[in-house]
Each structure stands twice: as C-alpha cells, then as structure tokens.
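Okay, structure first, notes after.
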Amino acid sequence: MKIKIFNTLTKKKEIFQPANEDCVNMYVCGPTVYSNPHIGNARAALIPDILFRLLKKRYRKVNYIRNITDVDDKIMDAAKSEKKTVFEISKKYTKIYQQNMSVLGLLEPTFQPKVTDNIPIIIETINKIIDGGFTYIADNHVLFDTEKFPDYGKFSNRTLDEMIDGVRIEIASYKKSPRDFVLWKPSDKEQPGWDSPWGYGRPGWHIECTSMVKKIIGMDNILDIHGGGNDLIFPHHENEIAQGFCATNTKYCNYWFHNGIVLVNKKKMSKSLGNVILINDLIKKISPMTIRLALMSAHYRQPLNWSASTIDESINLIKKFEKIFNDNSSINNSEDECDELVDILSDDLNTPEAMTYLSSVSKKAKANRHDKKAFISSCNFLGFDFKNDNKPVKETLIDEVVIKELINERNLARKNKDFDKADKIRQKLNQMDIEIEDLADRTVWKIK
RNA sequence: GGCUAAGUGGCAGAGUGGUAAUGCAGCGGCCUGCAAAGCCGUCAACGCCGGUUCGAUUCCGACCUUAGCCUCCA
C-alpha cells in the first residue's frame with residue numbers, strides 16, 4: 001500500500017516515504033486559543049485526522065503532533081475584552097476546542113504541546129539560530145535576518161519585489177527588511193513573559209512550531225509531514241522552513257500538505273463579513289457526523305463552499321448511512337475489510353471519491369454480507385460513529401413522552417381509518433419539527 | 001500589481017488522450033389510506049479561443065471568470 005500526497009514543497013503529487021519506516025512524524029498547526037473554533041478550524045483538523053488514520057494503517061508507529069498556541073497577542077486582546085487573564089482565556093478555549101474536535105469524531109493526536117510548556121526549548125532553538133549568525137537584535141527584539149537565508153521565499157514562491165508590490169504592510173521601523181520576522185519580543189509587566197538571554201519577553205509567532213517539533217522528534221531529525229491551512233503557507237510555513245533549517249543546518253521537513261479554506265457563500269469566513277460559523281452553533285442544528293461528512297465532501301485541496309445545500313445533501317446521505325449502519329450493528333466493528341476505501345484515500349486523500357464508494361457499497365450492503373462488512377468497516381475507518389449520540393443538541397430539548405403519546409393517538413386513528421385525524425396529528429408533529437415515518441410494525445420519528 | 005489554485009449537467013463533485021462516475025434535486029413507475037423511506041427507470045454537463053494529435057474535456061499557450069495568499073488568519 002502506497003500513500004500518495006501532494007507535496008507543497010515540490011508542487012507535485014508524490015509517493016510518501018518516511019525517513020524512518022518504524023516511526024512516522026507528522027506535525028500540524030493547531031489553533032491559537034482565543035475564540036470559539038469555527039468550521040474552518042474543524043476542516044484543518046479533520047484532514048490530518050484522515051491522514052493519521054491512513055498512516056496508522058500502514059506504519060507501525062505514527063506520532064501525530066498538533067500544537068496549542070496559548071501565547072499570542074490575539075489572546076491578550078481577548079483577555080482584555082472578556083476581562084479575564086490570558087491564562088483563563090487560553091484554558092477556556094483550549095477546552096472548547098478539544099471538546100468540539102472530539103464530538104466531531106477526531107482522534108486525539110499523539111502529542112498536543114502548548115507553547116507555555118515549552119519556553120526553554122524555544123529559547124534553546126533561538127540560541128541555535130543566533131549561533132548560526134542568522135539574526136540581529138533591534139529595539140529589544142530578536143529578529144530573523146531573511147537576507148542570510150538565500151532560499152527564503154522559495155517555498156511560497158515569492159520574491160521581495162513582489163512583496164513590496166503589496167505595499168499595504170506597515171513595516172516596523174526596527175526591521176532591516178520588511179520580510180524579517182520576530183523570534184523573541186519584549187513584554188511589559190502586564191503582558192505574559194519569561195526571562196530570557198534577551199530580557200523579559202515572549203516568543204514571536206513562528207518559532208513555537210519549529211521548537212516543539214524539534215523537542216518531540218529530536219533536534220537533528222527531519223520531520224516527515226507538516227500540514228496546515230493553505231493560508232499558512234506564507235508567511236508562517238515559509239518562516240518555519242527558514243528557522244528550522246538555520247537552527248540545525250539540516251532540511252526541516254520532507255512533505256508539506258495544505259488544506260483549502262472553507263468559504264461561506266463563496267467568501268472566506270471573517271469576523272468583518274459576519275459569516276463565521278462556529279462548531280458550537282452548528283452542533284445545535286445538525287448532527288456531528290453530518291458535519292464530518294460535509295467536511296469530506298470536497299477534496300481537501302479545494303476550497304469548500306459551506307452552504308445550505310452542502311448541509312442538506314450531507315444530512316440526506318448521513319441519514320442513509322446511519323440507517324444501514326445501525327441495521328447491521330451486529331456485524332463486528334473491525335476495520336479489516338476496508339481495503340477498497342483505503343486504496344481510494346491513499347491517492348491524495350480523495351474523500352469525495354470515498355463518499356461515492358461508501359454510497360455505492362451501502363446500497364449493495366443490503367444484499368450480501370461481504371458488502372455489509374465492507375460498509376461497516378469503511379465507516380469505522382473514516383471515523384463515522386453512529387453509536388454515540390449522533391444528534392443535534394436541540395434534540396435533547398424535546399419532550400419524548402408528548403411525541404410518543406401523539407404517535408399512539410395517531411396510530412389508533414389510523415387503525416380506525418380516521419385518516420383525517422391521523423393527518424392532523426402528523427401536521428401537528430410537523431409543526432413541532434418532528435418528522436414521522438410509518439414502518440410495517442411501528443412508527444419512528446426524528447427531528448427535522 | 002505579483003503569486004497560487006480552480007472553472008464538468010439545476011446544484012454538489014470524481015475522473016479520463018478515444019465524448020464522462022456518483023450524490024441531491026427533477027421527471028416516470030412500483031409500493032403506501034396518504035405521506036415518508038425504499039426500489040426500478042429516466043432527462044441533462046466538460047468557461048472561451050488557438051496549438052499538438054488520427055482523435056482533447058483530458059497535454060501546451062493566450063484570454064475571460066472565480067477564490068485564496070501577498071497583513072492576523074485554519
């Protein structure tokens with residue numbers, strides 16, 4: 001089984017070959033914990049989740065690292081506006097993030113390092129970069145000198161001239177070049193900070209990832225895979241590559257993958273447009289597995305347009321899957337008959353094709369045991385969990401007793417051939433957002 | 001302005017050097033008190049202009065359009 005993945009570094013689809021067959025290391029940029037996670041955060045976590053599952057199938061040991069950035073100016077701003085400490089804010093949103101991801105059926109990463117737990121290694125990494133002569137100090141900041149790294153810009157395919165064309169950037173006066181970036185910056189007494197060789201301060205934006213990678217995989221080892229949203233290609237990952245190389249004088253990472261962003265009404269989500277969709281809001285309306293499926297409906301490198309029809313189609317499909325899954329729940333829950341699915345996913349995580357496959361095998365599942373097993377084990381592999389409460393949160397607010405009484409009343413009316421009354425009751429249930437379905441021997445209901 | 005990705009039926013979305021999956025919606029039918037679900041059948045598409053080729057939707061080039069990045073961003 002060969003896993004192919006599009007490598008942003010080479011701009012080609014490549015066969016994945018880890019540095020060490022016995023242990024694969026993958027790092028993915030996790031959230032900065034300053035607000036509620038949105039559907040874009042979910043996509044950025046779900047794609048590596050699928051890749052993680054695939055890698056685990058193939059390799060004995062996989063270290064999946066997803067960081068938590070818990071020091072950042074945005075967190076400081078949030079603390080101010082919520083009138084809480086930075087620590088309270090980061091703790092609160094870390095918890096919500098992890099809960100949200102777990103509800104969506106994501107596996108826990110092997111490591112979830114926090115920046116605040118890793119200040120010593122960050123200082124050590126900065127020291128190595130300084131020792132290599134790639135930095136300068138200005139206005140109490142330690143800055144990375146991009147002039148000293150000739151490959152700077154290669155990854156994101158940018159030159160200084162192009163960037164100056166952008167002109168919208170306000171360049172900090174202490175920078176020698178606009179593209180230089182901060183490794184360490186000073187904090188005042190009110191701000192979070194740590195003592196360092198360069199005074200009391202805190203790490204810049206990019207250095208934490210590089211440092212935590214190196215801490216976990218070892219300073220001189222090359223990372224196999226690094227992922228993140230494609231809006232991180234520049235400057236974040238460009239800067240990581242520069243730092244990562246300059247800290248150890250070795251290649252930083254072999255394979256880079258980037259997921260496309262989530263669009264809402266064909267526009268990127270942003271607070272200013274007011275179109276940010278939070279996981280917490282979404283799970284009130286639609287089930288977690290519906291969200292999971294919707295996020296897989298587009299190929300990961302394409303933008304995913306989130307719209308009413310995206311949701312409707314996912315709801316329809318997941319209903320079918322759930323029904324067939326539950327009808328066959330006696331079949332064991334292993335993942336050992338999902339070879340076809342694994343083949344599909346091995347080709348650059350083709351999740352839309354995987355959904356097509358699931359759809360077709362779900363139809364055949366009624367007829368024969370082999371397809372039943374393939375369907376169940378494919379669902380398991382993809383993390384579709386219908387056993388737990390796969391229901392929108394609003395469902396818990398509904399009074400089951402009342403509904404059951406109405407259904408009984410209606411069935412009595414049907415028995416007496418009083419169809420007028422039966423239809424009226426169905427109408428009433430409809431108004432309560434309850435949809436009913438008459439089966440041969442009973443009536444089932446669900447939330448619309 | 002520069003860079004990147006993409007443009008496939010009503011919508012979503014695979015895929016391919018020899019005219020193209022699948023899902024939703026639509027239409028017709030079976031089933032049903034009626035619905036729903038299910039099943040069967042069915043209509044319908046490769047942005048535009050050139051080039052390469054026996055042949056291109058697929059390769060190459062120009063153009064148009066859309067989105068993203070170039071500033072914090074998943």
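Within every chain, numbering begins at 1; the chains are lettered A, B, ... in the order of the sequence lines, protein sequences first and strands thereafter. What's counted below: heavy atoms across the whole structure, side chains too, no hydrogens, waters or symmetry copies.
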Should [X] and [Y] count as an ion pair when the cut-off is N to O under 4.0 Å?
{"X": "Lys148(A)", "Y": "Asp145(A)", "answer": "yes"}
{"X": "Lys13(A)", "Y": "Asp347(A)", "answer": "yes"}
{"X": "Arg301(A)", "Y": "Asp348(A)", "answer": "yes"}
{"X": "Asp371(A)", "Y": "Lys363(A)", "answer": "no"}

Without decimals, in angstroms, what is the distance between [X] [atom1] and [N] [atom2]?
{"X": "Ile324(A)", "N": "rA37(B)", "atom1": "CD1", "atom2": "C1'", "result": "11 Å"}
{"X": "Asn305(A)", "N": "rU8(B)", "atom1": "CG", "atom2": "P", "result": "13 Å"}
{"X": "Leu232(A)", "N": "rU71(B)", "atom1": "CG", "atom2": "C1'", "result": "14 Å"}
{"X": "Glu437(A)", "N": "rC34(B)", "atom1": "CD", "atom2": "C1'", "result": "14 Å"}
{"X": "Arg442(A)", "N": "rA36(B)", "atom1": "CZ", "atom2": "C1'", "result": "14 Å"}
{"X": "Arg410(A)", "N": "rA35(B)", "atom1": "CZ", "atom2": "P", "result": "13 Å"}
{"X": "Asp73(A)", "N": "rC72(B)", "atom1": "CG", "atom2": "P", "result": "11 Å"}
{"X": "Asn316(A)", "N": "rA37(B)", "atom1": "CG", "atom2": "C1'", "result": "11 Å"}

Does the separation of the ring centres of [X] and [Y] fall below 6.0 angstrom?
{"X": "Phe155(A)", "Y": "Phe234(A)", "result": "no"}
{"X": "Phe181(A)", "Y": "His206(A)", "result": "yes"}
{"X": "Phe245(A)", "Y": "Phe149(A)", "result": "yes"}

Rounding to the closest angstrom, what is the interatomic distance between [N] and [M] at atom [atom1]?
{"N": "rU32(B)", "M": "rA67(B)", "atom1": "C1'", "answer": "47 Å"}
{"N": "rG13(B)", "M": "rG47(B)", "atom1": "P", "answer": "15 Å"}
{"N": "rU22(B)", "M": "rC30(B)", "atom1": "C1'", "answer": "24 Å"}
{"N": "rU4(B)", "M": "rC27(B)", "atom1": "C1'", "answer": "42 Å"}
{"N": "rU66(B)", "M": "rC48(B)", "atom1": "C1'", "answer": "15 Å"}
{"N": "rG28(B)", "M": "rU8(B)", "atom1": "P", "answer": "29 Å"}
{"N": "rU58(B)", "M": "rA62(B)", "atom1": "P", "answer": "15 Å"}
{"N": "rC54(B)", "M": "rG61(B)", "atom1": "C1'", "answer": "22 Å"}

Among Tyr27(A), Tyr255(A), Tyr64(A), find the residue that satisfies the ring-ring contact (aromatic ring centres under 6.0 Å, His included) test when tested with His226(A).
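Output: one option passes, namely Tyr27(A).
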Base, sugar-phosphate, or nothing for [X], non-hydrogen atoms under 4.0 angstrom?
{"X": "Val28(A)", "value": "nothing"}
{"X": "Arg414(A)", "value": "base"}
{"X": "Lys363(A)", "value": "sugar-phosphate"}
{"X": "Ser297(A)", "value": "sugar-phosphate"}
{"X": "His38(A)", "value": "base"}

With distance as the sole criterion, do the side chain of [X] and the base of [N] form a donor-acceptor contact below 3.5 Å?
{"X": "Arg43(A)", "N": "rA74(B)", "result": "no"}
{"X": "Asp438(A)", "N": "rC34(B)", "result": "yes"}
{"X": "Asp423(A)", "N": "rG33(B)", "result": "yes"}

Looking only at atom types and distance, does a side-chain atom of Thr8(A) sit under 3.5 Å from a main-chain N or O of Trp256(A), one as donor and one as acceptor?
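Yes, the answer is positive, given that a donor and an acceptor are paired below the 3.5 Å cut-off.
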State which of [options] makes the closest approach to the side chain of [X].
{"X": "Ala298(A)", "options": "rG13(B), rA36(B), rG33(B)", "answer": "rG13(B)"}
{"X": "Leu317(A)", "options": "rA36(B), rG13(B), rG23(B)", "answer": "rG23(B)"}
{"X": "Glu313(A)", "options": "rC11(B), rA74(B), rA35(B)", "answer": "rC11(B)"}
{"X": "Ala422(A)", "options": "rG33(B), rG23(B), rA74(B)", "answer": "rG33(B)"}
{"X": "Thr356(A)", "options": "rA74(B), rU22(B), rG33(B)", "answer": "rU22(B)"}
{"X": "Tyr34(A)", "options": "rA36(B), rG15(B), rA74(B)", "answer": "rA74(B)"}
{"X": "Ser309(A)", "options": "rA74(B), rG33(B), rC11(B)", "answer": "rC11(B)"}

Does [X] place a side-chain N or O at less than 4.0 Å from the phosphate oxygens OP1/OP2 of [N]?
{"X": "Lys319(A)", "N": "rA36(B)", "answer": "no"}
{"X": "Asn157(A)", "N": "rU4(B)", "answer": "yes"}
{"X": "Lys366(A)", "N": "rC39(B)", "answer": "yes"}

Salt bridge (charged side-chain N to carboxylate O under 4.0 Å, His left out) between Asp423(A) and Arg426(A): does it pass, once the steps are laid out?
CA-CA 5 Å; Asp423(A) 286 348; Arg426(A) 178 162 57 200; 3.4 Å; yes
Toward the 5' end of RNA chain B, by each residue's nearest nucleotide, Ala44(A) or Asp312(A)
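Nearest-nucleotide comparison on RNA chain B picks Asp312(A).
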Tell me which of Gln302(A) and Lys74(A) sits closer to the 5' end of RNA chain B, going by the nucleotide each one is nearest to.
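It is Gln302(A) whose nearest nucleotide is closer to the 5' end.
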Could I get a table of every N or O pair under 3.5 Å where one atom is in the protein and the other is in nucleotides 66-69 of chain B?
from    : atom 1 : to        : atom 2 : distance (Å)
rA67(B) : OP1    : Lys267(A) : NZ     : 3.0
rG68(B) : OP1    : Lys268(A) : N      : 3.1
rC69(B) : OP1    : Lys268(A) : NZ     : 2.5
rC69(B) : O2'    : Arg158(A) : NH2    : 3.3

Strictly by modelled atom types, are Ser362(A) and Ser359(A) linked by a side-chain donor-acceptor pair under 3.5 Å?
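Distance-only check fails for Ser362(A) and Ser359(A).
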Consecutive Watson-Crick or G-U pairs in runs of at least 3, all under 3.5 Å, in which RNA chain B is involved
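Stem list for RNA chain B: B:1-7 with B:64-70, B:10-12 with B:22-24, B:26-30 with B:38-42, B:49-51 with B:59-61.
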Member of Ile291(A), Asp49(A), Asp385(A), Leu282(A) meeting the side chain to side chain contact (heavy atoms under 4.5 Å, CB included) criterion with Leu104(A):
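By the side chain to side chain contact (heavy atoms under 4.5 Å, CB included) criterion, Leu104(A) pairs with just one of Ile291(A), Asp49(A), Asp385(A), Leu282(A): Ile291(A).
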When you measure from the centre of the six-membered ring of Tyr136(A), is the NZ or CZ of Lys176(A) under 6.0 Å away and within 45° of the axis?
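Satisfied, under 6.0 Å and within 45°.
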